[in-house]
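Remarks on the structure that follows.
Lettering follows sequence order; numbering is per chain, from 1.
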Amino acid sequence: MGSSGPTPSNAQAAEAFREIADFLDVLGEKFKPEAYRRASRSIESLAEGLAAVAARDELRSIPGVGEAIEEKIREFLRSGRIDYLERLRREVPAGLVDLMRRPGLGPKTARRFWVELGIEGPAELRAAIEAGRLSGIKGFGERKIEQIRLALGGGEPVAGGTRLPIETVLPLARRIAGALRSGSPAKDVAIAGSFRRGRETVGDLDLLVTSEDPTRVFDVFSALPEVGEVRMRGGTKETVVLKNGLQVDLRVVEPSEFGAALLYFTGSKDHNVRLRSLARERGLKVNEYGIFRGEERVAGATEEEVYGALGLAWIPPELREDRGEIDRAAAGTLPTLVEPADLVGDLHAHLPDGATPKDLERLRAVAKARGARYVGLVVGGVRDDGTPWSLSKELGRAVAGARTTEPRIVAVAEVGPGPLPEPIRALDTEYLVLRPVGTANPGAGLPSGGLPTRVVAHRGGSPEAVRPWLDLARAASAALEVGPGPARADSSLARAAREGGVSLALPLGLDDAEENTTRDVAVGFARRAGARREDVANATGAADPTSGSKRSRR
DNA sequence: GCCGTTTTCGGCCCGACTGTTTTCAGTCG
């Protein structure tokens with residue numbers, strides 16, 4: 001908390017506002033906490049540093065940032081602290097926020113403990129329970145006290161907010177949905193929630209089905225090998241926790257309500273709130289059962305129907321974040337987003353260490369099965385320790401022999417910024433993939449050596465750290481690689497790229513198992529960034545790297 | 001605290017579930 005030092009990151013600012021919201025919750029504020037949380041979420045998903053936005057004087061254009069929060073952001077950027085937060089920290093015991101986050105407890109209960117019993121944290125609450133101080137207090141029966149005792153359990157707040165990467169969840173989610181489709185009386189089966197919106201991380205899974213026989217569906221669901229324990233089962237809803245800790249909610253709804261329920265449980269929260277106020281303006285009401293004028297249901301079976309009743313075009317789930325998509329849906333100007341089937345090649349593929357020509361053929365077979373006409377295969381490059389490497393002579397010949405028949409293999413070198421090492425120059429390659437390898441940093445500039453750089457692959461964490469790589473991509477007219485994993489860009493960086501006129505490269509995930517995990521996650525990120533087919537360098541319509549002009553160079 | 005074909009005030013999504021209730025408050029998603 002120094003008063004000077006490096007400019008605080010977006011993540012730190014987002015955390016500060018989340019902390020303010022928590023304290024205000026305990027203080028019993030009604031709407032301010034949500035206001036601070038909204039601003040916090042917006043800041044977190046920003047594709048550039050707050051300092052840059054502040055320098056352009058555009059902080060107020062961030063959704064949820066108004067006069068008061070703008071001033072606090074400026075204070076935070078200036079001094080690394082927010083006086084208002086410091087005051088709250090002095091005024092409200094941090095232990096109350098801990099209490100509030102435990103399951104079954106909320107701000108109201110935490111506040112009552114504080115005001116009525118002088119309790120300031122989990123340890124004191126535990127002692128109060130043991131001493132019987134809660135018995136007889138209004139609203140705390142035996143069961144409630146037992147529930148609280150359980151929630152106090154370990155000492156640390158339970159699992160709160162641990163989210164899994166979507167690439168981890170995707171195969172699991174598809175297996176579960178498939179098992180319900182084929183092994184239970186569930187008819188429509190859909191996965192809603194942030195999973196459907198293609199978010200980078202998933203906190204829990206929301207499954208939605210229609211069925212005449214919910215009990216059978218629940219029985220099949222509970223017995224799946226992935227399921228650890230059943231948390232609760234009601235008439236229309238069951239909650240389980242998977243063996244890996246992921247919570248999964250399964251809901252059975254009427255076919256006439258399926259679209260409304262899918263819309264509702266897909267979110268995002270901000271998107272739903274916006275739809276509801278739009279509905280209210282038009283004398284309509286939206287809930288998870290449908291859209292109503294008075295008692296009469298106007299729509300509900302499909303999402304198209306529900307959006308239609310509000311005068312909106314259907315909005316792709318990846319865009320449902322209240323970033324202006326509702327206005328665009330009203331105006332009919334939503335983009336047609338890129339789809340997996342649009343991808344016609346892979347610009348950046350690897351063979352495993354010690355690969356043989358057989359592995360190359362296997363790679364081509366997979367590529368062909370996934371609709372690829374070409375594969376940019378890395379045949380050499382620079383290791384992390386700075387030394388050059390290349391494929392074996394035998395494999396090199398096999399690659400050369402695969403240049404003309406589809407899927408065509410394009411030889412690629414993977415290098416860091418700066419001058420190209422001589423052994424890499426000597427390789428017979430068509431283009432370069434730029435990555436942070438060796439000791440080179442983005443300040444060293446584009447690789448020099450006469451070959452075009454077509455792909456830039458680096459995420460590097462914070463939006464601030466990644467900017468230079470994006471600038472290199474722009475300077476080289478290269479595509480930014482988008483997708484899961486530390487060496488690819490997430491959706492907010494992809495949006496920054498797209499808005500800055502940099503195209504995207506989407507991996508086909510040729511070394512994935514059968515589920516197409518990498519490809520589908522990458523396409524999801526690109527869609528979240530609003531990318532159309534023409535924004536993607538390896539989609540149909542883009543220049544084919546095998547028909548470029550470099551062949552004449554030799 | 002934010003926001004506006006309800007714009008400078010007065011709203012701010014809404015229903016299920018739980019436990020504790022003689023009619024509801026709090027939590028959750």
Side-chain angles (χ1 to χ4, degrees), chain A residues 17 20-21 23-42 59-73 82 84 88 99-113 134-148 150-151 160-161 192-194 203-208 231-239 247-253 257 260-261 263-292 310-311 322 326-327 330-331:
Chain A
F17 288 120
I20 290 176
F23 282 130
L24 292 175
D25 253 338
V26 177
L27 288 176
E29 289 281 355
K30 194 80 184 82
F31 294 106
K32 288 187 189 182
E34 251 334 285
Y36 278 104
R37 284 204 182 92
R38 169 124 207 269
S40 174
R41 284 196 298 274
S42 293
L59 287 173
R60 293 285 279 275
S61 71
I62 300 170
V65 175
E67 190 182 346
I69 293 184
E70 177 190 20
E71 188 40 53
K72 290 182 177 70
I73 293 174
I82 301 173
Y84 182 55
L88 287 169
L99 280 184
M100 188 184 83
R101 288 196 178 126
R102 310 213 175 212
L105 297 181
K108 297 277 167 39
T109 317
R111 182 169 166 74
R112 279 194 64 192
F113 288 148
L134 256 61
S135 322
I137 293 188
K138 190 167 146 63
F140 292 94
E142 206 173 311
R143 297 176 63 129
K144 186 78 193 170
I145 293 176
E146 190 47 38
Q147 190 189 62
I148 295 172
L150 230 62
S194 54
D204 60 17
L205 278 182
D206 296 291
L207 261 61
L208 224 55
R231 277 265 167 91
M232 69 144 264
R233 186 195 282 203
T236 60
K237 180 189 169 186
E238 181 170 71
T239 298
Q247 179 173 313
V248 186
D249 295 334
L250 173 62
R251 289 181 173 81
V252 181
V253 302
E257 301 165 347
L263 179 52
Y264 179 85
F265 289 109
T266 297
S268 69
K269 190 178 169 172
D270 291 335
H271 181 83
N272 286 352
V273 167
R274 198 51 168 258
L275 287 184
R276 276 156 209 274
S277 27
L278 189 66
R280 209 173 33 250
E281 285 167 19
R282 304 184 178 199
L284 298 166
K285 190 179 74 166
V286 193
N287 59 28
E288 63 257 57
Y289 302 109
I291 176 159
F292 300 86
L310 292 170
D322 190 22
I326 291 176
D327 291 340

(Q) Please classify the nucleic acid contact of A:Y264 as base, sugar-phosphate, or nothing, using heavy-atom distances under 4.0 Å. (A) base
Q: Would you name the heavy atoms of A:V253 and A:A261 that are closest together and state the gap between them?
A: CG1-CB, 4.0 Å
Q: With heavy atoms under 4.0 Å as the rule, sort A:P107 into base, sugar-phosphate or nothing.
A: sugar-phosphate
Q. Can you tell me how far the CG atom of A:L88 sits from the CG atom of A:L24, to the nearest 0.5 Å?
A. 5.5 Å
Q: Kindly say if A:K285 contacts the phosphate of B:dG15, meaning a side-chain N or O under 4.0 Å from OP1 or OP2.
A: yes
Q) Is a donor on one side and an acceptor on the other found under 3.5 Å between the side chain of A:S42 and the backbone of A:P63? A) yes
Q.
Strictly below 4.0 Å: does A:T109 bring a side-chain N or O up to OP1 or OP2 of B:dT27?
A. yes
Q. A:F31 stacking on B:dC2: centroids under 5.5 Å, ring planes under 30°?
A. no
Q.
Categorize A:L275 for me: base, sugar-phosphate, or nothing, with a 4.0 angstrom heavy-atom threshold over every strand shown.
A. nothing
Q: Identify whether any heavy atom of A:E67 sits under 4.0 Å from a base atom; if not, whether one sits that close to sugar-phosphate; answer base, sugar-phosphate or nothing.
A: sugar-phosphate
(Q) Just to be sure I understand the rule, does A:E71 reach a base, reach only the sugar-phosphate, or reach nothing, if contact means heavy atoms closer than 4.0 Å? (A) nothing
(Q) Suppose you measure atom P in B:dG26 against the same atom in B:dT22; what distance do you get, rounded to whole Å? (A) 15 Å
Q.
Students often get this wrong, so: under 4.0 angstrom with heavy atoms, is A:N272 touching a base, only sugar-phosphate, or nothing?
A. nothing
Q: Pick the P atom in B:dC13 and in B:dG4, then give their distance to the nearest Å.
A: 14 Å
Q) Paired with B:dG15 by Watson-Crick or G-U wobble geometry, both distances under 3.5 Å: which nucleotide is it? A) B:dC28
Q | Which residue lies more 5' along DNA chain B, comparing A:R143 with A:P63 via nearest heavy atoms | A | A:P63
Q | Spacing of A:R276 atom CZ relative to B:dG15 atom P, expressed in whole Å | A | 8 Å
Q) Rounded to whole angstroms, how far apart are CZ on A:F140 and C1' on B:dT21? A) 14 Å
Q.
Using ring centroids (six-membered ring only for Trp), state whether A:F113 and A:F140 fall under 6.0 Å.
A. yes
Q. Out of A:R111, A:R37, A:K108, which one pairs with A:D25 under the side-chain hydrogen bond (donor to acceptor under 3.5 Å, both in side chains) rule?
A. A:R37
**Q.** For atom CG of A:L105 and atom P of B:dC17, their distance in whole Å
**A.** 21 Å
**Q.** Main-chain N/O of A:E70 paired to A:R60 side chain as donor or acceptor, under 3.5 Å
**A.** no
Q: For A:K108, answer base if it contacts any base atom (sugar-phosphate contacts may also be present), sugar-phosphate if it contacts only those atoms, and nothing otherwise; contact means non-hydrogen atoms under 4.0 Å.
A: sugar-phosphate
**Q.** C1' gap between B:dT7 and B:dC3, integer Å
**A.** 8 Å
Q: Using the C1' atoms only, state how far B:dG29 lies from B:dT23, rounded to an integer number of Å.
A: 25 Å
Q.
Please report the distance, rounded to the nearest Å, between CZ in A:R233 and C1' in B:dA16.
A. 18 Å
Q.
I'd like the P distance from B:dG11 over to B:dA16, given in whole Å.
A. 25 Å
Q: For B:dA16, take OP1 and OP2 only and decide whether either is under 4.0 Å from a side-chain N or O of A:Y289.
A: yes
**Q.** From B:dC13, B:dG19, B:dC2, nucleotide with atom closest to A:K144 side chain
**A.** B:dG19
Q: Nearest whole angstrom, please: distance from the P of B:dC24 to the NZ of A:K138.
A: 12 Å
Q. How many Å lie between CZ on A:R282 and C1' on B:dT6, as a whole number?
A. 14 Å
Q: Please measure how far the C1' atom in B:dT20 lies from the corresponding atom in B:dC24, and state the result in whole Å.
A: 8 Å
Q. Roughly, in whole Å, what's the span from NZ in A:K30 to P in B:dC14?
A. 13 Å
Q: Provide the distance between the two P atoms, one in B:dT5 and one in B:dG1, to the nearest whole Å.
A: 23 Å
Q | Atom-to-atom span, CG of A:D249 to P of B:dC17 - whole angstrom | A | 12 Å
(Q) At less than 3.5 Å, do the side-chain atoms of A:Y84 and the base atoms of B:dG1 form a donor-acceptor pair? (A) no
**Q.** Residue whose closest nucleotide on DNA chain B lies nearer the 5' end, A:D204 versus A:K269
**A.** A:K269
Q) side-chain hydrogen bond (donor to acceptor under 3.5 Å, both in side chains) with A:D322: which of A:R41, A:H271, A:R38? A) A:R38
Q | Distance, P atom - from B:dC14 to B:dT8, rounded to whole angstrom | A | 23 Å
